[in-house]
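When a ligand or atom number is given, it counts from 1 through the structure's own listing order. Keep in mind that the numbers below use all heavy atoms, side chains included, and drop hydrogens, waters and symmetry copies.
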Amino acid sequence: MFSTMEDLRQECLKCQKCPLHETRTNVVFGVGKPDAKILFIGEAPGENEDLQGEPFVGRGGKLLDLYLGGIGLDRKENIYIANMLKCRPPKNRDPKPEEMDMCIDWLRELVRIMRPQIIVCVGRIAAQRLISPDFRVTKDHGIFYNKNGTLMMGTFHPAALLRDPRKKGDCLEDFLKLQDKIKELGIEI
Ligand code: URA
């Protein structure tokens, strides 16, 4: 149990729980406002994230920032962004279930400290692990689920939008729903 996000981060930076620590350049703990009410959770660091130690800094990250900016959100000002895995899987393969099992306590502790009102799962990997194992992004995106008092929603991963730009309109709708939900809950951003 940690009392502050900074204590948690410092401990996480030393993590050697799984073999991914052997190949990482940096632990990618997360970025943002530590007491934000909205938490975004992606999959795992890619090459750029591993090099810079910050989530979503590649092409996909730039696209995510555009969607965030469109509804007045900013990674440094009013949200927090983290990933299911804190270390890069080699060659950007999908995280293994056992890697997520070993890494999830960092996220649990983050959520306990932050107490976000809304969690947005960015892509299938996070949504299937955190919302439901049978979550299908194409079918279930943009729906808010109440999980023990926290609202959870899954949307498209920016890498999927770069692969198939036809999904961008649906993703925009999800962000507009998020904006409505933020207003409805009276969250100050
Ligand atoms: N993809 C993710 O899911 N997270 C990152 O930080 C980068 C790419």
Electrostatic pair [X]-[Y], nearest N-O below 4.0 angstrom:
X    : Y    : answer
D74  : K76  : no
K167 : D174 : no
D101 : R129 : yes

- Task: Below 4.0 angstrom from a heavy atom of G42, which ligand 1 atoms are there? Numbered from 1 as shown, please.
- Result: 3 (O)
- Query: Of all the non-hydrogen atoms in the protein, which one sits nearest to atom 1 (N) of ligand 1, and at what distance?
  - Reply: H157 NE2, 3.2 Å
- Considering only protein heavy atoms, which is closest to atom 4 (N) of ligand 1, and at what distance to one decimal place? N83 OD1, 2.8 Å
- Hey, is the main chain of L51 close enough, under 3.5 Å, to the side chain of N26 for a donor-acceptor pair? yes
- Note on the structure: Under 4.0 Å between heavy atoms, the region of E49 that gets near ligand 1 turns out to be side chain
- Part of P158 within contact of ligand 1 (heavy atoms, under 4.0 Å):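 The answer is neither; P158 stays 4.0 Å or more away.
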- Message: Please find the pair of heavy atoms, one from G72 and one from I189, that lie closest to each other, and give the distance.
- Response: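 Result for this residue pair: O-CD1, 3.7 Å.
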- Please name the pair of heavy atoms, one in L13 and one in R24, separated by the smallest distance, quoted to 0.1 Å.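 What the structure gives for the nearest pair is O-NH2, 3.6 Å.
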- Message: Checking the N or O distance criterion of under 3.5 Å, is ligand 1 in contact with P55?
- Response: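 No.
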- Query: N/O of A44 under 3.5 Å from N/O of ligand 1, yes or no?
  - Reply: yes
- Query: Does ligand 1 have any atom that is closer than 4.0 Å to a heavy atom of M84?
  - Reply: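 The answer is no: ligand 1 sits nowhere under 4.0 Å from a heavy atom of M84.
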